[in-house]
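Every value quoted in this text rests on a predicted model; they were computed, and no experiment measured them.
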Amino acid sequence: MGGKISICLIENYSLGRELLKYNLRKENDFEIVYEFSTIDECLKECTETCIDVIVTEMEISYFNTINKIRRIKEKLGNETKIIIYTTCCNKRIMEDYMLSGVVDDYILKDEGFNVVKNVIRSVLNTPKQYHFLNN
C-alpha cells in the first residue's frame, strides 16, 4: 500500500459523520472517498472496488447488519476491511460480530479519534486482533 488509505464512512447522524470526517481528513494518509447515512445507501450507490476500509455503524438488527456487510464484501471484494463504529458496548454482541468472519474490527464511539485512526491503519496491516476484547 503506497498511496492514501481510501475510506468509506457510514453513519446515520450527520453531525457524527461530519466530526469523524473532519478528524480523519487531518491525516495525510487518509482519503474519504464515500460517505453514506446507511449501509443500504452504500450498497446502492458505492461502485468503487478499491475502498480500503469501511467504517460503519451497526444497525439495530445484528443479522441485517451482517448480511448487508456480506453483500458489501461480495460487491467490493474481500480485501475491503470493515470496522464497526458504535456506542454498543455489549461484549457478547461484539464477539458475535467478530466471529461472523466479515467484520475486521470494532470501535466504540467514546474511544476517541486517536483509537479510530490507529485501528484504521492497523486493520490493513495486521491479522484480526479485536483490540476492544482485551479491555
- Query: Checking salt bridge (Lys or Arg N to Asp or Glu O under 4.0 Å) for the pair Asp40/Lys68: CA distance, chi angles, key distance, verdict?
  - Reply: CA-CA 8 Å; Asp40 287 327; Lys68 289 176 184 180; 3.1 Å; yes

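Between Val116 and Tyr85, some side-chain heavy-atom pair lies under the 4.5 Å cut-off. Under the 4.5 Å side-chain criterion, counting only non-hydrogen atoms from C-beta, Ile83 is not in contact with Thr56. Side-chain contact between Cys8 and Val53 is absent, with no heavy atoms from C-beta onward closer than 4.5 Å. For the pair Ile120/Asp105, no side-chain contact is recorded, criterion being any heavy-atom separation below 4.5 Å from C-beta on. Taking 4.5 Å as the limit, some side-chain heavy atom of Val33 sits within range of a side-chain heavy atom of Ile51.
Distance check: Lys81 NZ to Ser122 OG gives 11.0 Å after rounding to the nearest 0.5 Å. Taking CD1 of Ile10 as the reference point, atom CD of Glu41 lies at 9.0 Å (rounded to 0.5 Å). Taken from CD1 in Ile54 to CG in Leu76, the straight-line distance is 5.0 Å, to the nearest 0.5 Å. Going from atom OG of Ser6 over to atom CG of Asp52 covers 3.5 Å, rounded to the nearest 0.5 Å. With rounding to the nearest 0.5 angstrom, the OG1 atom of Thr80 is 12.0 Å from the CD1 atom of Ile69. Distance CG/Leu9 to OH/Tyr34: 13.0 Å, rounded to 0.5 Å.
For Arg25, the side chain to side chain contact (heavy atoms under 4.5 Å, CB included) test picks out Lys21, Ile32, with sequence neighbours left out. With sequence neighbours excluded, the residues forming a side chain to side chain donor-acceptor pair (under 3.5 Å) with Lys73 are Asp104, listed by chain and number. In this structure, the salt bridge (charged side-chain N to carboxylate O under 4.0 Å, His left out) partners of Lys109, at least two apart in sequence or on a different chain, are Glu11, Glu57. Residues satisfying the side chain to side chain contact (heavy atoms under 4.5 Å, CB included) criterion with Asp29, sequence neighbours excluded, are Ile5, Glu27, Arg121. Applying the side chain to side chain contact (heavy atoms under 4.5 Å, CB included) rule to Lys26 yields the partners Tyr22, Asn23; only residues at least two apart in sequence or on another chain are considered. Scanning for salt bridge (charged side-chain N to carboxylate O under 4.0 Å, His left out) contacts around Glu31 gives an empty result, with sequence neighbours left out.
Summarising the local packing, CZ of Phe113 is surrounded by more than 12 heavy atoms from other residues, nucleotides or ligands at distances under 6.0 Å.
Both Ile7 and Leu19 are assigned to one and the same hydrophobic cluster, defined by single-linkage of ILVMFWY side chains at heavy-atom distances under 4.5 Å. Cluster membership for Leu124 and Phe30, using ILVMFWY side-chain heavy atoms within less than 4.5 angstrom, is shared.
A donor-acceptor contact shorter than 3.5 Å is absent between the side chain of Glu111 and the backbone of Ile107.
The shortest heavy-atom contact between Thr65 and Ile39 is CG2-CD1, 4.1 Å. The minimum heavy-atom distance linking Arg17 with Ser37 is given by the pair NH1-OG, 3.4 Å.
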